[in-house]
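The next block holds one structure in the form of structure tokens; read it before the comments.
Just so we're clear, the structure is a prediction, and the values are computed from it rather than from any experiment. For the numbers below, each heavy atom of this structure counts, side chains included, while hydrogens, waters and symmetry mates do not.
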Amino acid sequence: MKRLLPAVLVLTALLAGACGMGGAESIVDKDAIVIGVRSDLPSVGVRKSNGTFEGFDVDVARYIAQKLGKDYTFVPVLASDREKVLLNGKADLVLATYTISQDRKAKVLFAGPYHISYQDILVRPDEPSIRNVRDLKGRKICQVKGSNATQRVLEERKVAAEVVPVDDYAACLTALKDRRLDAITTNDVILAGLAVEDGSGLRLVNAQFNEQRTGVGMHKGDVAGCEAVNRAITTMYQDGTASKLLHKWFGKAGLNLSTIAVPQFEGCS
Amino acid sequence: MTIVQARPPGQVGPAGPGAPARRSVPGRIRVISGITVASLALLFAALAAGSLSARDGLTVIGRDAGPQVVATAGLYLGLSDMDAQVADALLMGKEYAPQRQAAIAQYERRRSEANQALLKAFELSGDNPAERQTVQSVLDGLGRYERLAGQALLLDAQAGHAAGPPPQKVVEVYRQATDLMRLVLLPQAYNLTLESGTIVRSTYDEKSVMVPIVRFAVIVAGLLALGCLIWLQVFLARRFRRVFGPALLAATVVTVVALLAGVNVLGRDLRELRTAKADGFDSVLTLARARAISNSLHGDQSRFLLDKGRADTYEHTFLDKSQSVIYLEAGNLDTYQAKVAQGAKNFLGLLGTELGGSDGERALEAYTRFQDADAKLRALAASGQASQAVSARLGTVRESFDAYDQALLKLAEQHEAVFRRATDAGESALDNLWRLLPFAIGGLGLLVIAGVWPRLKEYR
């Protein structure tokens with residue numbers, strides 16, 4: 001009879017183990033995680049010539065991984081890859097100017113946001129007449145493949161700007177300086193990064209007309225992981241790291257950092 | 001049953017095999033009794049562990065996190081409405097002097113409510129350092145906010161402008177105030193509410209694994225104890241030629257009752273925990289979030305009228321927040337409001353799964369009326385009729401918003417009632433079990449002694 005007790009305990013342990021294994025593995029249970037970051041956006045996420053990554057998103061990714069106590073590696077992702085690398089399991093987290101939207105939430109889970117940014121406008125230093133989105137009426141702006149920034153000007157704000165399609169932001173920058181364009185409009189951190197890299201004094205208008213929530217893309221269903229990431233982000237804002245990183249990467253570009261917005265979380269379920 | 005070795009203890013057998021058997025009888029009675037008592041102890045230990053675990057779950061969900069959601073949601077609403085009242089007061093100008101006074105009085109009331117909610121949230125945050133720091137940070141920020149809001153109201157009173165946007169210097173001070181409120185304080189209050197959801201989810205996940213395991217252990221330990229009791233009785237019956245030992249029979253019955261009661265109560269608690277979370281808490285949390293976001297988009301209407309420089313930003317946040325409450329695909333506010341007016345069905349967003357039933361339909365109707373009133377407000381503002389727009393904001397828009405908010409509140413109260421009922425039912429089932437357990441333990445001890453002791457005495 002006494003032999004029954006260990007048997008019961010073993011059975012109990014087996015049962016507990018079986019219950020714990022339901023569903024895909026949470027990042028909380030992993031020792032090492034893979035994080036997708038942009039490789040093409042200066043100051044946000046960019047791959048240097050020696051193969052390492054740097055930028056605001058990269059620093060935030062490092063901070064989160066360290067708070068979770070995980071080893072981490074980076075993989076480069078472009079705008080069009082972000083969903084794919086999560087769905088095919090190539091990355092556990094994606095921090096790549098990934099804006100939270102209801103459509104995207106149908107396929108991936110978002111922790112955060114870790115940063116509130118705005119759509120803004122970048123102009124040449126000698127351009128005084130563009131002060132907000134309405135001043136873009138009849139002016140030339142660039143449309144980068146895969147970005148919905150111009151659509152937000154034309155459709156949402158109903159401002160009839162003239163759209164010039166280009167391949168990437170580098171082409172936008174060249175066109176702006178050659179006066180083939182009047183302004184570039186997109187996420188303010190991307191603009192700040194372009195301005196810093198360019199270094200010729202391009203001016204951020206600080207029109208801040210569309211709020212954008214940049215979140216951490218995760219596998220759908222990893223609620224425990226998402227909550228852990230949110231707690232790491234809360235700490236990042238409480239211990240002053242967020243403010244430090246924003247000033248480090250975007251302070252010089254003229255981004256308005258007078259109020260550091262605390263992100264309001266999307267919720268993990 | 002063939003009782004081969006049955007021999008009354010008094011009658012000593014001739015010799016040989018009888019003698020060692022007779023010597024071992026009291027020893028074996030002691031061993032079997034010992035095992036029986038141990039297995040009974042195991043049963044009650046498992047019952048105690050199971051009910052402690054279930055009670056812990058009910059306490060966390062029902063007494064800590066549930067009230068924390070209500071307190072922090074109250075904090076958010078109080079703060080958000082403070083900022084909305086300031087915006088309203090700044091819009092009214094000298095034409096609406098009595099209403100302006102009323103708005104300032106409402107601002108003061110909201111401030112006091114927010115302070116109370118902050119104290120409550122601090123008290124409920126227990127020893128969670130991140131939550132405490134958040135409450136502290138909101139408290140600090142609130143002081144700065146009040147200073148800026150007071151400054152804006154004073155400048156506005158001195159300006160004595162007509163209804164509509166106040167002078168630029170007022171707008172600039174108000175911008176600092178509202179940025180602090182919307183970008184720093186409100187998100188922190190909102191995240192506190194969400195954190196309660198995190199605590200409930202992890203507690204529930206843990207309990208929904210733990211309690212069934214313990215319940216299974218109770219069944220195993222109970223069957224083991226019953227087996228031992230029967231074994232003891234069969235042994236005594238064989239040795240002492242007594243078919244029934246009334247004390248041990250009674251002990252068996254008590255064990256069966258304790259086992260059934262324990263399994264039943266744990267099963268019940270598991271169901272009540274599930275109900276409290278899935279039908280109560282989850283909806284309470286979602287509706288609290290929806291009310292918070294709705295209140296904030298209602299404030300964005302006043303800010304849209306107040307600050308021309310940022311009107312586009314506030315119109316965008318209004319659309320963005322509307323879509324997070326009830327999502328209908330739309331590239332701009334006009335399209336969204338047209339789709340709402342057509343009647344929203346099968347939508348995503350926070351309220352996507354919350355608006356079933358007739359009360360849900362009423363909430364959706366109220367939301368539709370609110371969006372309609374908003375469309376009219378924006379049409380007035382676009383055509384330059386600032387004073388009429390302000391009057392719409394203070395009239396139809398506010399009334400339709402209040403109706404919508406009340407409809408959400410009513411839904412939330414229904415879920416809160418479910419939540420409280422389930423928590424109370426789970427706790428009272430546990431209370432009953434705990435009241436019975438000491439008697440069962442004491443009674444079983446006495447019964448086992450009463451059943452075994454006379455037999456042992458026969459050997460003295």
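Using a 4.5 Å cut-off between heavy atoms, Q119(A) makes no contact with chain B at all. For chain A, no part of R310(B) is nearby; none of its heavy atoms comes within less than 4.5 Å. Contacts of Y237(A) with chain B are absent, with no heavy-atom separation under 4.5 Å from either backbone or side chain. Contacts of L319(B) with chain A are made by side-chain atoms alone, with heavy-atom separations under 4.5 Å and no backbone atom involved. S208(B) does not touch chain A: none of its heavy atoms, backbone or side chain, sits under 4.5 Å away.
A donor-acceptor contact closer than 3.5 angstrom links the side chains of T134(B) and Q238(A).
Heavy-atom pairs under 4.5 Å with chain A peak, among T317(B), D320(B), L180(B), D205(B), at D320(B).
Residues of residues 225-236 of chain A placed with any heavy atom under 4.5 Å of a heavy atom in chain B are listed by number as E227(A), R231(A). Within residues 155-162 of chain A, the residues approaching chain B closer than 4.5 Å by heavy atoms are, in numerical order, E155(A), E156(A), R157(A), K158(A). The contact list for residues 192-202 of chain B toward chain A, using heavy atoms and a distance under 4.5 Å, reads L194(B), E195(B), T198(B), I199(B), R201(B) by residue number.
A side-chain donor-acceptor contact under 3.5 Å links N191(B) to the backbone of F265(A).
Annotation: ring pair (Phe, Tyr, Trp, His ring centres under 6.0 Å) contacts of Y98(A) (sequence neighbours excluded): F110(A).
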